[in-house]
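Just so it is clear: chains get the letters A, B, ... in the order the sequence lines come, proteins before strands, and each one is counted from 1. Remember, predicted model here, so these are calculated numbers, not experimental data.
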There are 4 protein chains.
Amino acid sequence: MLDKPHEECGVFGIFNMNDRNIAQDIYLALFALQHRGQLSCGITVDYGEGVVETVKNSGLVPEVFNADTLDKFKKNGIGVSGIGHVRYSSKEFAERANNQPLVMRYARGIAAIANNGGLSNGKTLRQSLEADGAIFQTGSDAELIGYLAAGHRLKEKNMESAIEKTMDEIIGAYSFVMISPNKLIAVRDPQGFRPLCLGKIEDSYVVASESCAIVGIGGTFIRDIEPGEILVITKDGLHSNKRHCGQKTSLCIFEHVYFARPDSVIDGAGVHIARKRAGAMLAKENPVDADVVIGVPDSGIDAAIGYADESGIPFETGFIKNRYVGRTFIQQTQVQREKAVHIKLNPISSAVKGKRVVLIDDSIVRGTTSAHIVELLRAAGAVEVHMRISSPPFLNPCYFGTDISSREYLIECNLSEDEICQRIGVDSLGYLSMDALYSIAKESKCGFCDACFTGKYPVECPDLDKDDKFTSKLKTLEK
Amino acid sequence: MLDKPHEECGVFGIFNMNDRNIAQDIYLALFALQHRGQLSCGITVDYGEGVVETVKNSGLVPEVFNADTLDKFKKNGIGVSGIGHVRYSSKEFAERANNQPLVMRYARGIAAIANNGGLSNGKTLRQSLEADGAIFQTGSDAELIGYLAAGHRLKEKNMESAIEKTMDEIIGAYSFVMISPNKLIAVRDPQGFRPLCLGKIEDSYVVASESCAIVGIGGTFIRDIEPGEILVITKDGLHSNKRHCGQKTSLCIFEHVYFARPDSVIDGAGVHIARKRAGAMLAKENPVDADVVIGVPDSGIDAAIGYADESGIPFETGFIKNRYVGRTFIQQTQVQREKAVHIKLNPISSAVKGKRVVLIDDSIVRGTTSAHIVELLRAAGAVEVHMRISSPPFLNPCYFGTDISSREYLIECNLSEDEICQRIGVDSLGYLSMDALYSIAKESKCGFCDACFTGKYPVECPDLDKDDKFTSKLKTLEK
Amino acid sequence: MLDKPHEECGVFGIFNMNDRNIAQDIYLALFALQHRGQLSCGITVDYGEGVVETVKNSGLVPEVFNADTLDKFKKNGIGVSGIGHVRYSSKEFAERANNQPLVMRYARGIAAIANNGGLSNGKTLRQSLEADGAIFQTGSDAELIGYLAAGHRLKEKNMESAIEKTMDEIIGAYSFVMISPNKLIAVRDPQGFRPLCLGKIEDSYVVASESCAIVGIGGTFIRDIEPGEILVITKDGLHSNKRHCGQKTSLCIFEHVYFARPDSVIDGAGVHIARKRAGAMLAKENPVDADVVIGVPDSGIDAAIGYADESGIPFETGFIKNRYVGRTFIQQTQVQREKAVHIKLNPISSAVKGKRVVLIDDSIVRGTTSAHIVELLRAAGAVEVHMRISSPPFLNPCYFGTDISSREYLIECNLSEDEICQRIGVDSLGYLSMDALYSIAKESKCGFCDACFTGKYPVECPDLDKDDKFTSKLKTLEK
Amino acid sequence: MLDKPHEECGVFGIFNMNDRNIAQDIYLALFALQHRGQLSCGITVDYGEGVVETVKNSGLVPEVFNADTLDKFKKNGIGVSGIGHVRYSSKEFAERANNQPLVMRYARGIAAIANNGGLSNGKTLRQSLEADGAIFQTGSDAELIGYLAAGHRLKEKNMESAIEKTMDEIIGAYSFVMISPNKLIAVRDPQGFRPLCLGKIEDSYVVASESCAIVGIGGTFIRDIEPGEILVITKDGLHSNKRHCGQKTSLCIFEHVYFARPDSVIDGAGVHIARKRAGAMLAKENPVDADVVIGVPDSGIDAAIGYADESGIPFETGFIKNRYVGRTFIQQTQVQREKAVHIKLNPISSAVKGKRVVLIDDSIVRGTTSAHIVELLRAAGAVEVHMRISSPPFLNPCYFGTDISSREYLIECNLSEDEICQRIGVDSLGYLSMDALYSIAKESKCGFCDACFTGKYPVECPDLDKDDKFTSKLKTLEK
């Protein structure tokens with residue numbers, strides 16, 4: 001795969017008001033959220049009276065779910081509510097035990113949780129809980145949040161109060177859905193780092209990381225879950241606890257630049273429009289005299305169209321991306337690994353031959369893939385290649401649920417622009433400015449987190465100094 | 001499958017003194033223990049410094065473990081210790097979350113546990129722990145024991161002391177192996193309900209549910225773990241805590257009748273000999289004038305040889321059991337289901353035609369399979385069929401790790417012998433007496449639990465009256 | 001899948017001059033040709049002295065080939081030559097026996113063949129051969145061609161002469177590669193219906209259905225195989241037999257419109273350019289007052305860019321195509337089947353809302369998919385939808401290797417344009433004219449077959465009146 | 001697997017008179033014949049009017065057939081007739097192209113064939129046919145027989161006459177079933193080398209390699225197919241052509257010794273009885289003073305019971321054979337390979353400790369497995385081991401459908417008995433005499449082939465001197 005930052009998760013939930021086959025709804029929704037996580041996926045459906053069915057495994061949605069596994073849900077009858085999850089994962093948490101949804105049994109019955117995010121005090125909290133006797137079976141924030149909420153639930157009158165108390169303790173990004181007896185709860189952290197929205201299909205309520213999942217299954221988008229909101233859905237309808245609302249908000253701006261699907265609308269701002277605007281702003285800030293604008297498929301296409309529209313330079317399809325090359329692709333030697341770039345991504349010679357090319361991408365991470373792509377363009381006859389990036393340079397790790405965290409990236413970004421030009425073989429390089437970035441999703445009702453560009457973290461990060469070796473060495477793999 | 005009671009688990013552990021590939025050792029040992037559980041299996045290896053690798057899944061050993069999954073272990077280097085598990089499971093606990101070994105992380109690091117048994121106060125204990133805030137992710141006794149031990153470990157100076165305290169709380173059958181940092185611990189409950197024994201391969205110590213697993217991997221049997229013993233294996237050798245030893249012991253006598261492999265020796269008594277003796281005693285107690293003795297394959301063969309030797313009636317191979325018919329066998333209608341008995345088990349006409357047959361089996365459960373087998377014999381020309389059972393009738397549920405627990409069985413056994421004869425179509429029926437049963441494994445250093453025959457439970461059973469509906473409805477399935 | 005005409009095959013061959021791992025080369029090349037056939041694929045490598053290894057199966061390249069199957073080739077040492085095949089297939093020939101390459105043994109040793117095309121006298125020839133005693137095991141033209149060539153080979157001095165004789169008998173489309181002892185032979189029919197070209201990688205010669213496969217594996221395109229040419233490759237180099245060259249040529253024009261990959265160049269004409277030109281011509285011939293031009297992904301995109309450039313109406317990405325929805329996608333009811341269109345293809349609301357949309361596609365077949373797409377656009381807020389098709393209407397079946405053959409299509413196309421507009425719900429509809437079509441690939445050294453549009457077949461079609469029921473009912477499926 | 005000679009095939013056919021689901025019948029029957037071939041299996045059903053469905057693949061019956069593949073048959077309606085095949089295979093013909101049934105299309109429609117046997121003039125015939133222009137796609141005798149029969153069918157009035165002519169040309173062992181339009185044909189070679197019998201289930205006729213398959217699916221045995229008989233089954237009933245009957249017959253005597261299932265009856269003689277008699281004769285011819293008789297599982301058990309009965313020495317179950325160790329068993333080093341013998345086969349110590357053991361097996365091939373087994377017995381405490389083989393020594397290759405063909409075996413057998421004793425570590429060794437062998441199945445209406453023991457081949461073997469390298473190097477593997 002191309003070297004890109006990765007979003008770690010997508011979540012979905014549905015509360016059944018119409019005798020729907022909700023496992024099938026969740027299955028469809030997970031296809032629409034698959035871009036947010038390709039390592040594992042899962043579905044949990046609550047049938048009431050303590051009957052809960054979970055199917056989860058490592059793999060893509062079509063790998064984990066088939067007629068057999070979907071039938072497991074049908075035989076239990078009509079579900080009360082259900083949640084689903086797709087997960088990417090940094091290497092640190094790749095082990096299978098971390099697959100979600102996570103089901104817990106405790107004195108108040110069943111709780112099932114699926115989370116998207118990253119706590120900046122997760123390790124700190126775990127260590128203090130373990131010192132008090134806590135036992136964990138996974139490394140996920142979902143387990144930590146579930147553990148805290150279940151603990152509070154013993155003293156609180158209901159799960160939403162327990163979650164309210166839990167939110168006093170946890171810091172960072174979390175957008176989660178939770179099944180509790182007879183209710184579905186959707187929670188977004190007070191900063192709103194990750195998206196989460198509400199919709200309806202027939203009379204049944206759905207919540208999803210992105211609106212494309214709601215629309216994708218045939219439903220209607222209603223509104224975003226507010227940063228800090230605890231939304232409880234029961235057969236009597238919606239109820240919100242907003243005690244944690246009203247703080248300064250900071251949606252991850254990279255949702256607009258790369259993570260989210262272009263047909264999603266987040267906090268009022270359309271992602272496709274944001275990307276086209278980023279391209280247009282990039283054209284204004286980094287103009288160049290050229291013959292053709294092409295985008296790196298698939299994520300650079302929208303910004304390339306924006307760049308082309310603004311600059312008047314014609315947009316072109318510069319590459320054919322091979323849709324059949326997937327995870328099982330076999331490369332037997334290093335030479336073949338290099339050749340494989342042709343197989344995965346081949347330039348259309350007639351589109352670039354003899355031309356000065358503006359090449360648009362949303363980010364440079366290691367730069368190795370960029371260098372290969374530029375090489376392909378030159379081999380296909382491009383006479384100049386001007387790279388334009390529709391975001392500012394990454395300079396800082398992310399603690400809120402993406403894997404922009406390794407020092408490797410930082411080293412790469414500490415090269416000067418000239419050095420990067422040389423490294424990836426382009427004639428010029430231009431980044432979008434922070435100011436421009438802020439304007440691409442100006443309809444957003446949320447502020448933005450730009451810590452990966454600026455280093456200004458919107459919340460405390462107590463885990464910053466923790467040695468996480470221990471965690472990273474635990475591996476539980478199931479076939 | 002033939003309707004038989006099922007043993008619920010088998011365990012194995014090894015402490016590495018020789019740079020052995022211990023994952024491979026465990027893999028081989030699980031083949032030798034597969035008869036104790038065919039639903040799922042798993043291996044956990046501890047590589048020291050918190051690095052633990054687990055592969056577990058639903059399926060037989062050759063289905064779960066292949067070159068790929070075994071390679072996962074190799075890449076981590078030499079393991080310090082490892083444990084393995086095979087599991088049958090009553091329907092109640094079939095969910096995948098219960099697969100073992102179970103790995104836990106807590107303030108003292110890692111603990112991994114694999115257990116064989118059944119606690120008679122498990123539900124009672126769980127409910128009281130949940131009332132105090134405990135959260136569980138599985139329904140297994142292994143999780144409960146691990147939870148208690150880890151809790152005590154926070155206050156105790158080492159894990160063996162923590163286990164000693166845990167044993168004050170738990171009642172019933174448990175033979176478990178546990179990985180704790182730098183040690184392997186093997187524990188057998190004070191009554192010794194389930195077998196557990198110690199062996200050596202080169203300089204490495206191994207513990208196993210049955211001696212056949214020790215011998216099967218090329219090792220040497222040393223001794224049984226004593227009922228009540230906590231055996232700790234470290235690089236300095238063996239250390240035993242025997243505070244819980246010395247109580248009245250009660251090995252499950254059905255280990256000798258059916259569960260264990262004939263080549264195993266348990267508490268000093270050989271299983272093969274026990275079965276032949278059961279057959280011989282049966283011949284003395286229930287003689288019959290007949291032409292040939294045949295055993296229901298595979299478990300009735302040894303007793304049939306014993307019956308033949310004692311009675312002087314010739315032993316014969318009466319049936320061909322089809323070794324290719326397995327779990328994926330497809331039967332499309334009820335008629336085919338009946339026909340399938342021929343495919344699975346076909347009588348050898350020439351061995352039974354025109355003959356008076358003594359048919360030996362170790363138990364009757366529902367009686368449906370017995371009836372089919374008798375019908376096959378008659379169709380093949382047997383003129384008389386005299387059924388002899390090498391154990392007394394089941395009259396009571398088992399709470400100690402087998403699935404002789406459903407009321408269905410009891411109904412069957414409440415029929416009079418005459419009614420059973422009629423139901424299964426035999427000319428006569430005879431059971432082994434309790435007295436005779438006690439003599440079949442007379443070398444045993446352990447007493448026996450005969451609760452399923454007599455209803456006299458050797459320990460308290462606080463769970464007896466619990467409504468277990470809740471538990472039985474939780475299902476977590478992973479593909 | 002979207003309802004489109006399907007190309008039936010792609011072929012690849014390599015003659016090893018460099019001790020290359022040619023199975024790996026073919027494997028990579030088949031990825032680049034996968035768009036030409038997704039039903040099955042296969043590789044045959046000749047190791048000399050009669051040793052031939054074939055791996056073929058139903059499925060995509062990454063499904064059929066994995067580390068295990070590729071290793072089969074490695075263990076035989078260095079291959080002399082090898083061929084590969086991808087196959088779509090009309091239902092008529094879906095059976096597995098038709099998978100290719102096909103290996104035959106006869107008096108002169110081994111012959112292996114992989115073919116792309118469709119004979120218009122195949123059934124006629126088969127029947128006359130069967131009357132003389134021929135026995136066939138498949139329904140493929142490859143078997144027929146191989147049978148004829150092997151027959152002639154017994155009397156001819158070499159395989160190329162035998163093929164020359166065979167070409168006197170067969171009529172229609174065939175581009176095939178054949179392994180014969182110590183040689184690789186590439187043959188294109190005298191009309192050149194299907195593309196076939198020659199390239200080089202290091203010193204090894206390669207032949208491929210499309211240039212993208214040559215470039216994709218890191219090789220260099222040399223030239224097209226001439227219509228009618230028999231190209232023989234041995235260790236002494238290239239040798240051509242052109243006795244069948246010089247006839248009127250007729251490359252399938254739909255290769256440019258839809259079948260071929262945009263980065264391929266066929267007979268001197270670039271496919272990407274041809275599609276953009278088709279879009280531009282379409283804009284000239286069928287202008288419309290609109291706000292945005294979008295293409296149906298993926299095949300309508302290039303023409304849409306051409307339309308936008310020519311018309312001055314902005315190009316937009318109108319849809320998100322879900323790349324994870326594949327063949328294993330499960331739809332449980334008709335309602336879900338309709339919903340599935342959203343999951344597979346979702347409009348970007350912000351790109352079309354309130355806009356007059358020009359929607360570009362390369363063809364309408366049944367029209368059902370077009371109707372769904374238009375409905376999606378309207379639901380997303382498009383105020384007008386003007387459909388423009390970058391080819392003329394299909395009116396006639398194809399006998400030359402594509403599945404534009406069913407009467408269903410013709411019925412659809414016999415509707416008037418107004419009726420079609422109404423059926424698919426568009427405000428206007430426009431097709432590319434035949435004249436314009438001829439100009440899109442004006443660099444082509446080949447003439448074009450336009451029989452599917454005009455009904456003028458460039459060669460005789462003796463099979464036209466054959467009842468093909470018999471053939472269609474033979475099914476040989478292997479798992 | 002243990003080193004034993006291997007039978008190469010089993011066949012089954014059914015002609016439907018009752019609207020039966022005949023694919024399911026064949027599926028069940030193949031389970032009952034699986035012991036005759038474990039490499040591949042297949043089913044072909046004829047639905048009339050040229051509709052034929054075949055599912056065949058490498059693997060065991062439960063691996064190749066599942067709900068999906070069995071459903072392929074159901075959707076075609078009620079079958080007219082069907083055939084099935086299981087195949088072992090010497091390495092020479094392991095390639096997948098040789099899987100059966102084989103379907104051919106020719107001027108008279110469809111012919112499908114499944115064969116058990118080995119022609120002694122197969123290579124000779126092929127070469128002469130190839131010289132006349134024949135093209136083959138497999139290396140199987142089934143293809144050769146089908147090719148000849150289809151050729152004759154063009155001139156003959158029906159398929160049975162064509163087969164009669166074919167039988168004039170082919171020499172050696174063949175028991176085949178063939179589907180021809182509206183009929184099922186069963187043919188056994190004039191010597192009757194391989195068994196083939198007729199039965200009935202409801203009103204439908206079935207033919208099978210062994211009676212156990214007829215009884216196993218719930219049918220009734222009628223009679224054996226006569227050596228030389230061509231049995232034609234149509235809706236009007238049975239019709240026999242016996243022009244080739246009446247020659248000297250020679251059933252492979254190893255069917256009784258090892259190949260066939262004990263519950264089968266062949267040409268009037270029961271296999272189980274034959275094996276017990278072989279054991280009894282062995283006791284008479286090779287008595288020994290010992291304490292216990294044990295058989296090598298599974299094939300030595302019956303002879304061991306016979307030996308025990310005759311000698312008065314008690315029979316014992318000496319080994320536990322692990323039923324879970326199959327083809328996917330992983331052994332990582334040579335040491336583990338040796339250890340694996342314990343896992344596959346473990347002696348029951350209590351049965352042999354301190355005892356003088358008579359160990360019964362049906363044959364020694366390489367001797368390596370025998371040596372391992374004896375070593376296990378000694379390690380378990382046996383004080384003496386006396387090996388008794390229930391057949392004479394192998395001294396000659398077989399050309400009639402088994403793999404007793406390699407020179408390796410002969411070298412082993414050319415050792416003196418003393419040398420073999422030493423090699424395998426036994427105290428004494430005894431074989432059954434040829435005279436005794438002839439008496440074990442004295443009820444047989446057929447004579448016997450004993451060429452592997454005597455070197456007297458009952459028919460000509462023209463292929464004896466052919467260099468078969470060419471054939472052995474062709475490999476067609478499909479995943």
Heavy-atom check, side chain of D/Ile320 versus side chain of B/His272, under 4.5 Å: no
query: Considering only heavy atoms from C-beta outward, does the side chain of B/Arg323 approach that of D/Gln34 to under 4.5 Å?
result: no
- request: State the NE2-CG distance between D/His35 and B/Asn322, to the nearest 0.5 angstrom.
  value: 9.5 Å
query: With sequence neighbours excluded, what pairs up with D/Ile214 under the side chain to side chain contact (heavy atoms under 4.5 Å, CB included) test?
result: D/Cys197, D/Val206, D/Ala208
field: CZ on D/Phe31 to CD1 on B/Ile343, rounded to 0.5 Å
entry: 8.5 Å
message: With a 4.5 angstrom heavy-atom cut-off, is it the side chain or the backbone of D/Ser350 that approaches chain B, or both, or neither?
response: both
query: Between the side chains of B/Thr317 and D/Asp302, does any donor sit under 3.5 Å from an acceptor?
result: yes
- line: For B/Pro347 and D/Asp263, the nearest pair of non-hydrogen atoms, with its separation, is O-CB, 3.8 Å
query: Is it true that atom NZ of D/Lys200 has more than 12 heavy atoms of other residues, nucleotides or ligands lying nearer than 6.0 Å?
result: yes
task: Could you tell me the separation between the CD atom of D/Glu63 and the OH atom of B/Tyr324, rounded to the nearest 0.5 Å?
output: 11.0 Å
message: Less than 4.5 Å to any heavy atom of chain B: does that hold for the side chain of D/Val265, its backbone, both, or neither?
response: neither
Most contacts with chain D, counted as non-hydrogen pairs under 4.5 angstrom, among B/Ile348, B/Val271, B/Ile305: B/Ile348
